[in-house]
Asks: 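Take a look at this one; I'll ask things after.
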Amino acid sequence: MISAPKISTDLVEAFRVVLDRPIAFHRVFVKLTGSVTAALMLSQAMYWSKRVNSNDEGWFYKTREQWEEETGLTRYEQETARKALRRFSFWKEDLRGVPAQLHYRVD
């Protein structure tokens, strides 16, 4: 009888950390935007738009690094996704403050 290999507790813990924060990806957004990366970014933006302070009217701020940490999208993938999303009236971007910070809203 062959026994199943034993998985180390360190490996199990590493998987717990890595798999702790899944992203809800809305497949229908691929058809809408024509882009997997734009759909991923839009899905994440929808998530954050629902969680911001009501005084902010749905606007939220994310750095390029935060987008990459949350979605895995590189700088260039983010730029391509944003370019695709800017074609739609529901996608809003606004530079605010000094130094300028890029804010987003899904309208």
Side-chain angles (χ1 to χ4, degrees):
M1 177 185 255
I2 300 173
S3 62
K6 178 138 175 79
I7 300 173
S8 76
T9 55
D10 290 340
L11 184 58
V12 170
E13 184 58 29
F15 275 121
R16 274 197 192 111
V17 170
V18 171
L19 300 176
D20 185 44
R21 295 174 31 196
I23 294 176
F25 175 78
H26 302 284
R27 174 68 175 86
V28 69
F29 291 164
V30 176
K31 291 219 183 255
L32 173 69
T33 63
S35 163
V36 171
T37 55
L40 179 57
M41 192 168 219
L42 179 56
S43 294
Q44 191 68 354
M46 293 285 293
Y47 171 85
W48 284 111
S49 289
K50 293 177 184 178
R51 283 156 181 79
V52 293
N53 184 333
S54 61
N55 296 339
D56 295 327
E57 298 177 340
W59 289 95
F60 65 95
Y61 164 70
K62 288 263 172 236
T63 65
R64 184 173 50 232
E65 292 79 15
Q66 288 170 320
W67 279 113
E68 185 166 0
E69 182 179 324
E70 292 178 14
T71 64
L73 297 175
T74 66
R75 172 187 177 178
Y76 300 106
E77 288 170 328
Q78 291 172 43
E79 290 172 0
T80 302
R82 288 179 45 230
K83 182 177 179 182
L85 290 166
R86 283 194 299 266
R87 298 181 326 207
F88 300 97
S89 61
F90 59 77
W91 182 260
K92 307 292 184 192
E93 296 180 0
D94 189 32
L95 275 175
R96 299 178 182 180
V98 177
Q101 298 174 328
L102 190 55
H103 289 72
Y104 304 88
R105 181 174 82 175
V106 181
D107 196 5

Asks: Of the non-hydrogen atoms in Tyr61 and Thr63, which two are nearest, and what is the gap between them?
Replies: OH-CG2, 3.0 Å
Asks: CZ/Arg64 to OG1/Thr74 distance, rounded to the nearest 0.5 angstrom?
Replies: 10.0 Å
Asks: Give every donor-acceptor pair under 3.5 Å between a side-chain atom in residues 100-107 and any protein atom, sequence neighbours left out.
Replies:
unit_1 : atom_1 : unit_2 : atom_2 : d
His103 : ND1    : Gln101 : O      : 3.2
Tyr104 : OH     : Trp67  : NE1    : 3.4
Arg105 : NH1    : Glu57  : O      : 3.4

Asks: Identify, with sequence neighbours excluded, every residue that meets ring pair (Phe, Tyr, Trp, His ring centres under 6.0 Å) alongside Trp59.
Replies: none
Asks: Report yes if some heavy atom in the side chain of Lys62 is under 4.5 Å from a heavy atom in the side chain of Glu70; otherwise report no.
Replies: yes
Asks: Consider only side-chain N and O atoms of Thr37 and Ser35, and report whether a donor and an acceptor are under 3.5 Å apart.
Replies: yes
Asks: Applying salt bridge (charged side-chain N to carboxylate O under 4.0 Å, His left out), name anything that partners Arg75, two or more places apart in sequence or on another chain.
Replies: Glu79
Asks: So, for Thr33 and Leu42, which heavy atoms are closest and what is the spacing to 0.1 Å?
Replies: CG2-CD2, 4.3 Å
Asks: Kindly list each side-chain donor-acceptor pair under 3.5 angstrom involving residues 22-31, sequence neighbours excluded, with atom names and distances?
Replies:
none

Asks: With sequence neighbours left out, write down each residue that passes ring pair (Phe, Tyr, Trp, His ring centres under 6.0 Å) with Tyr47, or none if nothing qualifies.
Replies: none
Asks: Table please: side-chain donor-acceptor pairs of residues 92-99 below 3.5 Å, with sequence neighbours left out.
Replies:
unit_1 : atom_1 : unit_2 : atom_2 : d
Lys92  : NZ     : Ser89  : O      : 2.9
Glu93  : OE1    : Arg82  : NH2    : 2.9
Glu93  : OE1    : Arg86  : NH1    : 3.4
Glu93  : OE2    : Arg82  : NE     : 2.9
Glu93  : OE2    : Trp91  : NE1    : 2.8
Asp94  : OD2    : Arg96  : NE     : 2.8

